[in-house]
Amino acid sequence: METVDLLVVGGGVNGAGIAADAARRGLSVLLCEQDDLASATSSSSSKLIHGGIRYLEHYDFGLVAKSLREREVLLKAAPHIIWPMRFRLPHLPSLRPAWMIRIGLFLYDHLARRATLPGSKGLRFGPDSPLKPEIKKGFEYSDCWVDDARLVVLNAMAAREHGATILTRTRCVQAVRQGDLWQAVLHDQAHDTKTEIQARAMVNAAGPWVQSFIEDSLHQTPPKHIRLVKGSHIVVPRLFEGAQCYILQNDDGRVIFAIPYEGMFTLIGTTDQEIFCCPEDAAIDDTERSYLIGVVNRYFKKQMAVSDIVWSYSGVRPLLDDESDNPSAVTREYYLAFEHDDGAPALLSVFGGKITTYRELSSTAVDMLEALFPNLPESSTATALLPGGDFETQAILRAEIEERCPWLPADVAQRYVRSYGTLVWRFLGDKSALSDMGRDFGAGLYEAEVVYLRSEEWAVTAEDILWRRTKRGLFMSDAEKAELALWLASQAAM
């Protein structure tokens, strides 16, 4: 029976981040995820690394400051999947007054040091603005875009590079304490086999299932409770030109983002709706669709209808229950519950959190394990690059790809830069012509890339590839998607 230092349950951003931090410090790590990496909350965000300007209204100054600090760290660690974006906030006098927004932006600019991102400023919208003519004034500030699902995969790859074992489609069905070790049963759902392992410590990073895992698999009483808040997003044809994001205020006090997405689209979200069903059953409903369309139609000249929606997704945020009456006001801060009696194996459970602070959360979580692993080295993730991030700028890397692979279509080269960084050479390095890339499944998704995703990034299904590793699902026909699924099934059977 295999024995590891740390068993991590959950392959979202927090689980992958903890696995990467612990493995870098020399611990033997095994991570199990019941589905695909980032298959739940961590691929269903608004795709932003941000301080959370709206959290200032709830006096979450500490969370905003921490998020702003992490924004700078992550921008350096993963320049291929994270990049700066300017956010435009149109001002409607009937909602938040201008003086309040100015104070909020001043705090946003100064709560943490900005090494690279420009500060905020006022704006006047002219006749060329995509906004309705009556919207004359606004503000602009900086935050960052992130490919959330790829952030999880890169952390899992970093963990593997330092010796960790990553098991997807593998559920921890039971774990009990026996002496100074956890005895855990892992169910490989793809092959319907069970394996027993031992671990000196366990991290419960099951996200929306963090509470139910404690109750159902460990048969314990959870030390904290979570509230499941559904956030839904829609994707529509591009609403406006330019690389800026718009942040739209609404009468209910919420803000909605309208974000440039995959060149041809606009991503709109998110909602905040508390749910009481199983997290895996969460899906956007007609009320949410109409709500999001209504908000953007209030601001933009180009009007949208529900029928214009080309894709939607819903994620369930496992928020720490702070007994707030308003789901939008529930804290996005996290809580780490650490149980370690003398001689007993430790359990660390992650409640809450947000994608922007995952690295700091991970570092803090592994620091807590020093009680079990004396002389544990300090975390190095604050200065470490994620896989593929070892290049100077996106422009320089793209120029290198174009020089070495002039036969590669320009749009494909640009996508590779912003998905893989220098990892792209793992499947481009030995190619000398487009024909070497193999079959084009559609929308520039070549066989060489798919083979790489299967062998190096744990991709199994068409959904893994089309909606999490890439976003080619937006551009491919149903027939092309079906052909990819058939090809993957044939490869799995070999």
Side-chain angles (χ1 to χ4, degrees), residues 39-41 43-48 54 87-90 92 94-95 129-135 145 148-149 228-317 326-328 442-443 462-463 466-468 470-482:
S39 56
T41 305
S43 61
S44 301
S45 75
S46 297
K47 324 297 183 190
L48 301 176
R54 68 188 179 92
F87 287 66
R88 291 181 172 177
L89 197 164
L92 296 185
S94 61
L95 298 178
S129 168
L131 300 170
K132 290 183 174 179
E134 60 266 27
I135 302 175
W145 161 269
D148 53 3
L228 300 179
V229 177
K230 180 177 64 168
S232 295
H233 296 76
I234 58 175
V235 176
V236 299
R238 186 167 54 200
L239 269 171
F240 50 86
E241 299 295 326
Q244 300 86 6
C245 167
Y246 286 82
I247 177 170
L248 312 174
Q249 304 175 81
N250 198 37
D251 291 331
D252 58 7
R254 301 205 66 254
V255 296
I256 301 298
F257 295 104
I259 309 168
Y261 193 62
E262 295 297 316
M264 295 174 58
F265 304 98
T266 300
L267 174 65
I268 300 164
T270 179
T271 58
D272 267 325
Q273 186 178 98
E274 189 162 11
I275 63 169
F276 303 94
C277 63
C278 297
E280 59 268 27
D281 295 332
I284 191 170
D285 58 36
D286 289 341
T287 300
E288 291 175 296
R289 292 186 185 94
S290 298
Y291 173 83
L292 294 173
I293 290 291
V295 173
V296 296
N297 282 346
R298 181 178 185 179
Y299 282 86
F300 288 99
K301 294 173 184 174
K302 185 175 181 179
Q303 297 288 283
M304 288 283 146
V306 169
S307 59
D308 292 314
I309 298 172
V310 298
W311 185 49
S312 63
Y313 61 86
S314 297
V316 177
R317 297 185 287 271
N326 178 5
S328 296
E463 182 181 356
L466 296 177
W467 299 109
R468 285 185 284 274
T470 77
K471 300 298 181 288
R472 295 296 88 193
L474 283 168
F475 301 91
M476 293 169 63
S477 68
D478 289 343
E480 289 171 329
K481 296 171 188 175

Mind checking whether [X] and [Y] have side chains closer than 4.5 Å, heavy atoms only?
X    : Y    : value
V235 : I309 : no
N250 : R298 : yes
E274 : L228 : no

Restricting to non-hydrogen atoms, name the atom on [X] and the atom on [Y] that form the minimum distance, rounded to 0.1 Å.
X    : Y    : answer
S290 : V306 : OG-CG2, 4.2 Å
Q303 : D308 : O-OD2, 4.4 Å
Q244 : E241 : OE1-O, 4.3 Å
W467 : G473 : CH2-C, 3.2 Å
S44  : S314 : OG-O, 3.6 Å
R468 : E463 : NH1-OE2, 3.4 Å

From [X] [atom1] over to [Y] [atom2], what is the distance, rounded to the nearest 0.5 angstrom?
X    : Y    : atom1 : atom2 : result
I275 : C277 : CD1   : SG    : 4.0 Å
Q273 : S232 : CD    : OG    : 7.0 Å
W311 : I284 : CH2   : CD1   : 11.0 Å
L474 : T470 : CG    : OG1   : 9.0 Å

- Message: Go through it in stages, so that I can follow the logic: the residues are L131 and F240, the test is side-chain contact (heavy atoms from CB on, under 4.5 Å), and I'd like the CA-CA distance, side-chain angles, deciding distance and then a yes or no.
- Response: CA-CA 9 Å; L131 300 170; F240 50 86; over 6 Å; no
Just distance, no hydrogens or angles: give the donor-acceptor pairs under 3.5 Å from side chains in residues 259-269, sequence neighbours left out.
from : atom 1 : to   : atom 2 : distance (Å)
T266 : OG1    : L239 : N      : 2.9

With no hydrogens and no angle check, just 3.5 Å: does a side-chain donor-acceptor pair link [X] and [Y]?
X    : Y    : answer
D286 : Y291 : no
D148 : S43  : no
S46  : H233 : yes

- Item | Candidate list L248, T270, V295, test side chain to side chain contact (heavy atoms under 4.5 Å, CB included), partner R254, passing option |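 Answer after filtering L248, T270, V295: T270.
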- With side-chain contact (heavy atoms from CB on, under 4.5 Å) as the test, would you mind laying out the steps for L89 and Y246 before giving the verdict? CA-CA 6 Å; L89 197 164; Y246 286 82; over 6 Å; no
- Report the C-alpha distance between T271 and L292 in whole Å, list the side-chain angles of each, state the deciding distance to 0.1 Å, and finish with yes or no for side-chain contact (heavy atoms from CB on, under 4.5 Å). CA-CA 8 Å; T271 58; L292 294 173; 4.0 Å; yes
- Task: Kindly confirm or rule out a cation-pi arrangement of K47 over Y313, judged by NZ or CZ under 6.0 Å from the six-membered ring centre and within 45° of its axis?
- Result: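 So K47 does make the cation-pi contact.
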- Item | Verdict with reasoning, V229 to V316, per side-chain contact (heavy atoms from CB on, under 4.5 Å) | CA-CA 5 Å; V229 177; V316 177; over 6 Å; no
- Message: Please determine whether a side-chain nitrogen of the Lys or Arg among K230 and E288 lies less than 4.0 Å from a carboxylate oxygen of the Asp or Glu.
- Response: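 The answer is yes: the pair qualifies as a salt bridge.
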